[in-house]
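Index from 1, following the sequence.
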Amino acid sequence: MRPDTPAENVVDHTAEAARLERTAGLYPEDAEALLLQAAAHLELADARPAATALYDRLLSAQDTLENAPLVRALKASNLWEYDHEAEARAIIDGVRATAPRDPAPWVIVAESLESHDELEAAHDTFTEAVTLLLTDVAEPPYATHPVLFGRHRVRRMLGLPHDDWDARADTLHSSHSSSVSLDELHDPKRVWSLGSDNPAELEAEISRLQAELGAYREALSRPFPVAVLHWPADELQELLSAYPDLAAEYPSHDEHLATIESSLRELATSGTPNLGIVTGTVPSYEAFAASELSSPSDTTLLPQYATTLAARGRAVAWPPQRTSNCWCGQDQRYDACHGTP
C-alpha cells in the first residue's frame, strides 16, 4: 500500500496526498483506494496525525469499506510510529481477533510488531496467519507469500529451527529462480544491518543482492555513529534479572548513565566524530544473541549489539542541545541533567 518513490523521482508527498483527496471526492466509488494512497503519502511526508485522520475518515463508514481490517492495520502501524503505542497495540489485537482472510492486514500488523522489536508477538501473528490462510492449501496464492516469508525472517531472527512452513517458504523462494537463498536473505546479521521490513524495500533488496551490488554501498553510505548502548531502568532491571552475570558490567542504573556520558565526553575530547546513543531492549538483545549463536550473558556481545543498532539507524546523535530533553529519558533539560560538567 505504500507508494513507490525511487530516488531519482522526488515526490512532493503533501501535494500528492491533497491531489488524491480531491480525486476521491470526484470518484466516490474509488475513494477507499485513493484515500489509502493519500494516507500513505502523508506518512511519507511525516504528517502522521493527518494520515490517522484519513484512516479515521474511512473507518467512520466502515460498513461500506471493502477491506476494513486493512485500514485498521495501516492505522495501527502509523500510530505506533508517532508514539501512540497503547492505541496501536489495542488495534493490532483487534485485527488479530477478527482473523481476516486477506493476508495484507496480517502482514502489516506483524511487520509493525517486528519493526518495534516485538519478535515473539510478530512470530505468533505470522503463525496465526499461515495457519488460518494456508492449512490444507496445496499451492499458496501469491498474496500469501509475504506471510510465509515474513514468518521465516522472524524465526531466523529468533534463532528457531526450520519447520514445515519454513520449508514451504524456501521452496516458494527457490521457485522464483533466485540466486540468493531465503536463509541467506534472512541472515540475521544482514537483516539487522541492512534490511527494511517494508515489503517493497525488501523486494528491492533482493534485486540488489541478486545483482551482487548496491546493498553494501547502501550500508556504507549511511552515517555510522560511534554508538554507546543505553538501557532504560526497567529494561536494565529485566536484563539483570534474566542474566545476573551482567551485574558486574552494570552495578547500578545511575552508574550506567554516568558511564555513558563520561565515555562519550572522552571520545569527543579525543576527536572522535559522529557520536550517538542507542537504546536497547531485552527482546531485541536476546534475538541478536541468538543470531550470533551466543548467550546474552556474554559481555562481548554488548558493543556488537550497539554497533548493529546504529547500523539500523537507531542511534540518536550526542550531545543533544543543552535546552533539549536529556538523552537519559528523564523529563529534564540536558544542561540540568547529564549535560552538567
- Task: Report the distance from atom OG1 of Thr279 to atom CG of Asp117, rounding to the nearest 0.5 Å.
- Result: 11.0 Å
- When clusters are formed by joining ILVMFWY residues with side-chain heavy atoms under 4.5 Å apart, either directly or through shared neighbours, do Val316 and Tyr334 land in the same one? no
- Message: Strictly distance-based, threshold 3.5 Å: is any side-chain N or O of Glu32 a donor or acceptor partner for the main-chain N or O of Glu66?
- Response: yes
- Message: With a 4.5 Å cut-off on side-chain heavy-atom distances among I, L, V, M, F, W and Y, is there a chain of contacts connecting Leu148 to Val154?
- Response: yes
- Message: Would you say that Arg89 contacts Glu118 through its side chain, given a criterion of any heavy-atom pair below 4.5 Å between the two side chains?
- Response: yes
Indicate every side-chain donor-acceptor pair of residues 241-250 with a distance under 3.5 Å to a residue at least two apart or in another chain.
residue, atom, partner, partner atom, Å
Ser241, OG, Gln237, O, 2.8
Tyr243, OH, Glu286, OE2, 2.6
Tyr250, OH, Trp231, NE1, 3.0

- Query: Can any side-chain N or O of Asn78 pair as donor or acceptor with the backbone N or O of Arg48 at less than 3.5 Å?
  - Reply: yes
- Message: Within the structure provided, determine whether Leu132 and Trp106 are in side-chain contact (heavy-atom separation under 4.5 Å).
- Response: yes
- Item | Candidate pair Lys75 and Arg72, rule side-chain contact (heavy atoms from CB on, under 4.5 Å), full reasoning | CA-CA 5 Å; Lys75 178 184 175 181; Arg72 287 195 291 270; 5.5 Å; no
- Item | Reported CD-to-CG distance for the pair Glu85 and Leu79, which is rounded to 0.5 angstrom | 11.5 Å
- Following the transitive rule for hydrophobic clusters with a side-chain heavy-atom cut-off under 4.5 Å over Ile, Leu, Val, Met, Phe, Trp and Tyr, establish whether Phe126 and Val130 coincide in one cluster. yes
- Query: Under a 4.5 Å cut-off applied to non-hydrogen side-chain atoms, are Leu42 and His13 in contact?
  - Reply: no
- Query: Between Val147 and Ala129, what is the shortest heavy-atom contact and its length?
  - Reply: CG1-CB, 3.5 Å
- Flag yes if more than 12 heavy atoms outside Glu29 fall under 6.0 Å of its CD atom; otherwise flag no. yes
- Item | Side-chain heavy-atom pair Trp327, Leu264 within 4.5 angstrom cut-off | no
- Note on the structure: Closest non-hydrogen atoms of Asp166 and Pro161, given as atom of the first, atom of the second and distance, are OD2-O, 3.8 Å
- Task: For Glu87 and Trp80, test the side chains for any donor-to-acceptor distance below 3.5 angstrom and give the result as yes or no.
- Result: no
- Query: Between Leu257 and His230, is any pair of side-chain heavy atoms under 4.5 Å apart?
  - Reply: yes
- Query: Checking side-chain hydrogen bond (donor to acceptor under 3.5 Å, both in side chains) for the pair Arg96/Thr125: CA distance, chi angles, key distance, verdict?
  - Reply: CA-CA 7 Å; Arg96 293 173 65 179; Thr125 303; 3.3 Å; yes
- Of all heavy-atom pairs linking Ile260 and Leu229, the shortest is CD1-O, 3.5 Å
- Message: Any salt bridge linking Arg151 with Asp163? Criterion: basic side-chain nitrogen under 4.0 Å from a carboxylate oxygen.
- Response: yes
- Item | Point-to-point distance, once rounded to the nearest 0.5 Å, from CG of Asp164 to NE2 of His162 | 11.0 Å
- Query: In Å, rounded to the nearest 0.5 Å, how long is the span from CG of Leu275 to CD of Glu266?
  - Reply: 11.5 Å
- Message: Looking only at side-chain N and O atoms, does Asp298 offer a donor or acceptor that is under 3.5 Å from a partner on Thr300?
- Response: yes
- Does Thr23 use its side chain to pair, donor to acceptor, with the backbone of Arg19 at less than 3.5 Å? yes
- Item | Check: Thr259/Ser262 side-chain N/O donor and acceptor closer than 3.5 Å | no
- Task: Report the C-alpha distance between Glu81 and His116 in whole Å, list the side-chain angles of each, state the deciding distance to 0.1 Å, and finish with yes or no for side-chain contact (heavy atoms from CB on, under 4.5 Å).
- Result: CA-CA 9 Å; Glu81 292 303 317; His116 290 90; 3.0 Å; yes
- Query: About how many Å separate OH of Tyr55 and OG of Ser60, when rounded to the nearest 0.5 Å?
  - Reply: 15.0 Å
- Do His41 and Asp12 have a side chain donor and acceptor closer than 3.5 Å? no
- Hey, quick one: are Leu113 and Ile108 part of the same hydrophobic cluster, counting side-chain heavy atoms closer than 4.5 Å, chains of contacts allowed? no
- Item | Under 4.5 Å side-chain linkage, directly or through intermediates, the cluster mates of Leu20 | Leu34
- Query: If you look at every heavy atom in Val107 and Pro146, which pair is closest and at what distance?
  - Reply: CG2-CB, 4.0 Å
- Task: Decide side-chain contact (heavy atoms from CB on, under 4.5 Å) for Val137 and Leu133; before the verdict, give the C-alpha distance in whole Å, the side-chain angles of both, and the deciding distance to 0.1 Å.
- Result: CA-CA 8 Å; Val137 175; Leu133 301 175; over 6 Å; no
- Item | Under 3.5 Å donor-acceptor, Glu114 side chain and Leu119 backbone | no
- Can you check whether Pro296's main-chain N or O pairs, donor with acceptor, with Tyr285's side chain at less than 3.5 Å? yes
- Query: Is the closest side-chain heavy-atom distance between Leu36 and Leu70 below 4.5 Å?
  - Reply: yes
- Give the C-alpha distance, both sets of side-chain angles, the deciding distance and a yes or no for side-chain contact (heavy atoms from CB on, under 4.5 Å) between Asn325 and Gln332. CA-CA 5 Å; Asn325 284 346; Gln332 295 187 63; over 6 Å; no
- Are any of the side-chain heavy atoms of His173 and His145 separated by less than 4.5 Å? no
- Query: Any side-chain donor paired with an acceptor under 3.5 Å for His152 and Asp170?
  - Reply: yes
- Pair Glu139 + Arg168: basic N to acidic O under 4.0 Å: no
- Sub-4.5 Å side-chain heavy-atom contact between Thr98 and Pro105: no
- Please answer whether the main-chain N or O of Thr131 pairs with a side-chain N or O of Thr135 as donor and acceptor at a distance below 3.5 Å. yes
- Item | CG-SG distance between Asp335 and Cys326, expressed to the nearest 0.5 angstrom | 9.5 Å
- Query: Are Val109 and Leu65 connected in the hydrophobic side-chain network, where two residues link if heavy atoms are under 4.5 Å apart?
  - Reply: no
- Item | Least distance between heavy atoms, Glu235 atom then Pro283 atom | OE1-CD, 4.4 Å
- Trp318 and Ile277: which non-hydrogen atoms are nearest, and at how many Å? CD1-CD1, 3.9 Å
